[in-house]
Amino acid sequence: MSYHPGRHFLQIPGPTNVPDRIQRAMHAAVLDHRGPDFARLGRDVLEGMKSIFRTSGRVIIFPSSGSGGWEAAIVNTLSPGDKVLMYETGQFATLWQQVACRHGLDVEFVPGDWRHGVDPADVERRLTADRSHAFKAVMVVHNETSNGVTNRIREIRKAIDAAQHPALFMIDAVSSLASTELKQDEWQVDVVVSGSQKGLMLPPGLAFNSISEKALAANTTARLSRSYWDWQAMLKDNAAGFFPYTPATTLLYGLKEAIAMLHEEGLENVVARHSRHAAATRAAVEAWGLENLALDPREYSSSVTTILMPPGHDADAFRKITLEKYDLSLGAGLGKVKGKVFRIGHLGDFNDLMLMGTLSGVEMGLRAAGVPHQSGGVLAAMDVLSKPSLVAAEAILAR
Ligand SMILES: *Cc1c(COP(=O)(O)O)cnc(C)c1O
């Protein structure tokens with residue numbers, strides 16, 4: 001490996017950059033997870049996370065990657081053969097659907113083009129037609145990290161209500177929590193799945209299930225087998241700040257700091273900052289004459305922008321150049337769009353100059369790789385960042 005002076009630009013849409021404050025908070029001796037100091041930490045983070053999910057329900061923290069959170073949501077609420085409604089909005093919805101199938105659920109997986117999110121009217125139609133209430137859950141990925149499409153969770157909730165359907169509503173907020181507006185209680189989401197390594201600015205290693213009363217009630221009759229992921233064992237020990245098995249103690253120190261940082265900035269400001277950086281990134285993409293994979297402005301992601309490569313140009317060869325020449329890591333195309341797109345992650349611990357550095361790296365990389373484009377993307381982004389309040393308001397209105 002050759003030496004790279006200066007700071008590496010980690011601009012994949014997770015894991016994201018871990019701020020120094022969080023690194024320092026985790027630089028602590030490992031502690032007894034059955035002792036009184038741990039109980040305080042456990043209670044602090046379990047309580048603190050409710051404010052991030054905006055729920056008065058219960059938050060469960062697993063030592064796991066985000067994918068474990070998917071499995072936990074399923075095995076704790078459903079029974080073998082249960083019918084669930086899912087939408088192919090991108091790679092992460094495809095993977096969550098695979099987990100559901102492997103657990104023997106009967107998944108209605110509505111095909112998609114990876115450029116649009118869930119149409120709330122389609123949800124309403126399917127649920128209205130389901131007179132016998134065969135669907136036990138509607139499962140949607142809030143922000144599709146593979147293509148930069150953000151599903152309109154509030155609208156989908158309204159569609160479920162309009163159909164007067166009792167299905168559980170479960171969402172994957174791994175790449176939207178602490179970057180995109182998310183109001184679990186107000187939107188009546190029954191299970192929110194998330195992870196530590198995206199908006200929460202932590203290293204990978206924690207998964208979350210934030211659960212409503214209705215989900216807890218479903219848990220008492222759900223017959224899928226579960227052991228490690230069992231909510232009841234967690235809730236029992238969590239009451240005193242403890243866990244049924246060894247929690248990721250060091251990461252929990254970091255989580256406590258992350259919660260404090262998010263409240264210092266203010267959750268509304270965190271959301272506005274992300275939508276402003278996303279708007280500036282889209283301005284750059286447009287000025288380059290390149291195409292955003294997401295097509296509907298109401299669904300533009302605040303955490304990641306996915307860009308189509310011009311035909312005949314390999315996105316992975318381009319990413320290799322930005323990494324080698326500028327020490328900039330960009331996100332790869334996943335699944336169906338491998339090699340056809342690259343992704344700019346703009347979430348987590350991120351500011352205007354980090355975005356300008358990232359976009360400069362992309363523009364220089366396009367030039368170095370001989371990818372046809374117009375220059376001026378960086379300037380266009382700079383213009384957007386100079387009018388902060390206007391852009392933030394527009395980005396929020398576009399939802
Ligand atoms: C990153 C991500 C996941 C998967 O998380 P892992 O920690 O890699 O298991 C799931 N869903 C979405 C939307 C993601 O962005």
Side-chain angles (χ1 to χ4, degrees), residues 10-18 53 60-75 86-100 102-103 109 112 114 116-118 138-153 156 169-182 184 189 191-210 228-229 248 251 254-255 258 274 278 293-294 299-306 329-338 341-348 350:
L10 179 69
Q11 296 315 138
I12 60 175
T16 63
N17 297 289
V18 178
F53 285 104
I60 300 222
I61 308 176
F62 295 107
S64 152
S65 94
S67 304
W70 280 340
E71 181 152 334
I74 289 169
V75 298
M86 300 184 80
Y87 286 82
E88 187 203 356
T89 48
Q91 177 70 358
F92 289 96
T94 304
L95 294 175
W96 197 10
Q97 171 256 171
Q98 274 173 15
V99 179
R102 287 174 187 155
H103 280 288
F109 193 48
W114 287 43
H116 294 89
V118 175
V138 177
M139 295 156 67
V140 173
V141 174
H142 187 192
N143 180 71
E144 255 298 352
T145 323
S146 60
N147 52 19
V149 168
T150 302
N151 280 303
R152 289 172 289 149
I153 301 302
I156 297 169
F169 189 25
M170 308 210 269
I171 68 169
D172 166 343
V174 179
S175 64
S176 55
L177 186 72
S179 59
T180 303
E181 185 178 52
L182 171 57
Q184 179 171 9
V189 182
V191 183
V192 182
V193 174
S194 200
S196 54
Q197 77 272 30
K198 306 208 174 155
L200 290 175
M201 310 175 284
L202 293 170
L206 299 177
F208 303 89
N209 276 180
S210 181
Y228 185 83
W229 305 114
L251 286 171
L255 182 60
H274 281 83
L293 189 62
E299 298 170 343
Y300 286 156
S301 170
S302 286
S303 3
V304 54
T305 300
T306 301
S329 280
L330 295 167
L334 302 175
K336 273 186 186 176
V337 292
K338 184 176 162 33
V341 303
F342 67 93
R343 297 175 295 154
I344 302 176
H346 33 73
L347 83 156
F350 201 53

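Every heavy atom of this structure was used, including side-chain atoms; hydrogens, water molecules and symmetry mates were not. Both counts, for ligands and for their atoms, begin at 1 and track the order of listing.
Residues T89 and V140 form no side-chain contact, since every pair of their non-hydrogen atoms from C-beta on lies 4.5 Å or further apart. Residues E299 and E144 are not in side-chain contact: their nearest non-hydrogen atoms beyond the backbone lie 4.5 Å or more apart. Using a 4.5 Å heavy-atom cutoff, the side chains of W114 and E88 are in contact. For the pair N143/N151, no side-chain contact is recorded, criterion being any heavy-atom separation below 4.5 Å from C-beta on.
Scanning for ring-ring contact (aromatic ring centres under 6.0 Å, His included) contacts around F350 gives H277, with sequence neighbours left out.
Judged by distance alone, the side chain of Q197 and the main-chain N or O of G14 form no donor-acceptor pair under 3.5 Å.
Protein residues lining ligand 1, listed by chain and number: S65, G66, S67, W70, F92, V141, N143, T145, D172, V174, S175, Q197, K198 [non-hydrogen atoms, distance under 4.0 Å].
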